[in-house]
Amino acid sequence: MDKTWWKHSVGYQIYPRSFYDSNGDGVGDLKGIITKLDYIKDLGVNLIWIGPFYKSPMDDNGYDVSDFYDVDPLFGTLDDAKNLIAEAHQRGIKIILDLVLNHTSDEHPWFMESRSSLKNPKRDFYIWQDGKKDAHGKLHPPTNWGSFFEGSAWNLDPFTNQYYMKIFSDKMPDLNWASPALREEMFKMASWWLDQGVDGFRVDAIAHLARDLTFTDSTMPLNQYHVAPDWGKFSNRDELYDYLKEFNEKVLSHYDCMSVGEVGGGASVDAGVKYAGYDANIFNMVFNFDTCWQNNIFSNDELKDEDIKINVLNMKLTFDKWIQGMKGKGWMPHYWLNHDHPRVMSQYGDPIHHHKASGSMLGTILLTLPGTPFIYNGEEIGMTNVDYTSIDDFTDIWVKNYAKQAIKHMSKDQILSHLRRTSRNNARTPMQWDDSAYAGFSTHLPHQKMVSNYPLINVKRQLTEEDSILNAYKTLIRLRLQSHYSETLIFGDFELIHPKDPNVFAYMRSDEQMKLMIVCNFSKEVQEFVLPLAYKHVVYSNSKNAHTHKTLHLQPYEALILEAK
Ligand code: GLC
């Protein structure tokens, strides 16, 4: 098997605005990341994915880019970016950037030109359509398609009285990948960053570059915004693969780089193979969202805490479906969360009663799956969702759009508890470095409110506690990358053990050299579990619980890696 560097990597995602603030303005920055590179090195990871730091009006925290070739002053300068790349490389750490190909900011010069007149040469860099007039002469969007950030996928532009397409916020017009000139500009830009020394990309929102160009209405029922949430109109469509192959041929294939595309919620395993199969010539891997949604928090906005249920059975089957479906065909990335999801500690763990055990159990699974694991900053200390008490504490553009509508039919308390469980702000709070003011993240009031548990959950404390989640992550990362077990953990086969057990997530990783049994109690109760094979020794345990036989009595959230005889 081809054993390139990114297969021997553990990734660490940094959300730049919330990682570390070096200049006391309350916002994290690139110099801040440089300051913390030794921490990252000590953690043991060898790959960093950094969220967007390009010039941006920050409508969507940097995913709305107004200049791809420069760094936003909030985060530093281009020289800081170059220093960061060099400093990371000196420590043996590779860096991948978040590459935003689907849209720009409406403040990008291309869009300003494009919107200026119907005949502007950049007009076809974006997607423009006439609106539809009703019997009273009132103008409506060209189609009934909904956007991901609530409301219509179209916005009327006063300059030419046409609508531009935007599947995210109003300030994020979609680029038209059907335009060869636009594609060339995007390829040039991506190559330029590779020439600056970055080692590849996480490619943002990649499933959406091709749309249904017939621009016909969806037949799906309309939602509360009177639009159809019909993502198929602009997701995983056939023409997309041609654009991406061209991207690979003209850009990626010329560098020793890695690429991981974000294909989101709608992609099947077959689509995964089309994007990231070994013969696809597109990406090295793709992130799907399926394993992030294995409880019912998104099912009903008015859910009560006691009604939340984690579906461990389905979670195991979902991991298995992807792993077996990609086996021999393509490489998988794994992650528990990114900046768009709730904190995994709150989502699947138990922050109140079993913080250490559930945090290290989640780490055990992440770091022993086949493929390339990605840790999200703060996960390694078990950071939790927010405990905000006002809807105004939530700053995300998506939340703001949602709250405006939700207030019409829900109480403030209901909205608040829904947001505390689901909102993207949960993962975007300042990193909890220590117990000083602002958690050691900044000397200034941070751009987003802290979670109030930082005096208890922070890096400084966990560095000194032997059994901390942080130390568990360090041990597990070393086991994966630098131990006698590495080869099996990275490349070995994967097979679920007792797939029908509703509480224990267990699997075998095996090759010709050894068989490792990973056994994780994904519940608050003691569970009895019978191993399929006897074991020689315990490679890793997150508890002091001793076992001597094949029948285990697992403590709540106990995690074990056992080498079979
Ligand atoms: C991706 C990003 C998300 C962003 C969106 C639009 O899903 O992960 O944060 O809002 O794309 O760029």
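For ligands, and for the atoms within them, numbers begin at 1 and follow the listed sequence.
With respect to R17 and D29, no salt bridge is recorded, no charged nitrogen being found less than 4.0 Å from a carboxylate O.
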Legend entry - Check against ring-ring contact (aromatic ring centres under 6.0 Å, His included), Y388 and F394: CA-CA 8 Å; Y388 296 166; F394 293 83; 5.1 Å; yes
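Under a cutoff of 6.0 Å and an axis angle of 45°, K250 and F187 do not form a cation-pi pair. Annotation: cation-pi pair K94/W49 absent, no NZ/CZ under 6.0 Å from the ring centroid and within 45° of its normal.
Annotation: F111 is in aromatic contact with W128 [ring centroid separation under 6.0 Å]. Aromatic ring centroids of H334 and F287 lie 6.0 Å or more apart.
Contacts of ligand 1 (protein heavy-atom distance under 4.0 Å) are D60, Y63, H103, F149, F168, M172, R202, D204, A205, E262, H339, D340, R424, R428.
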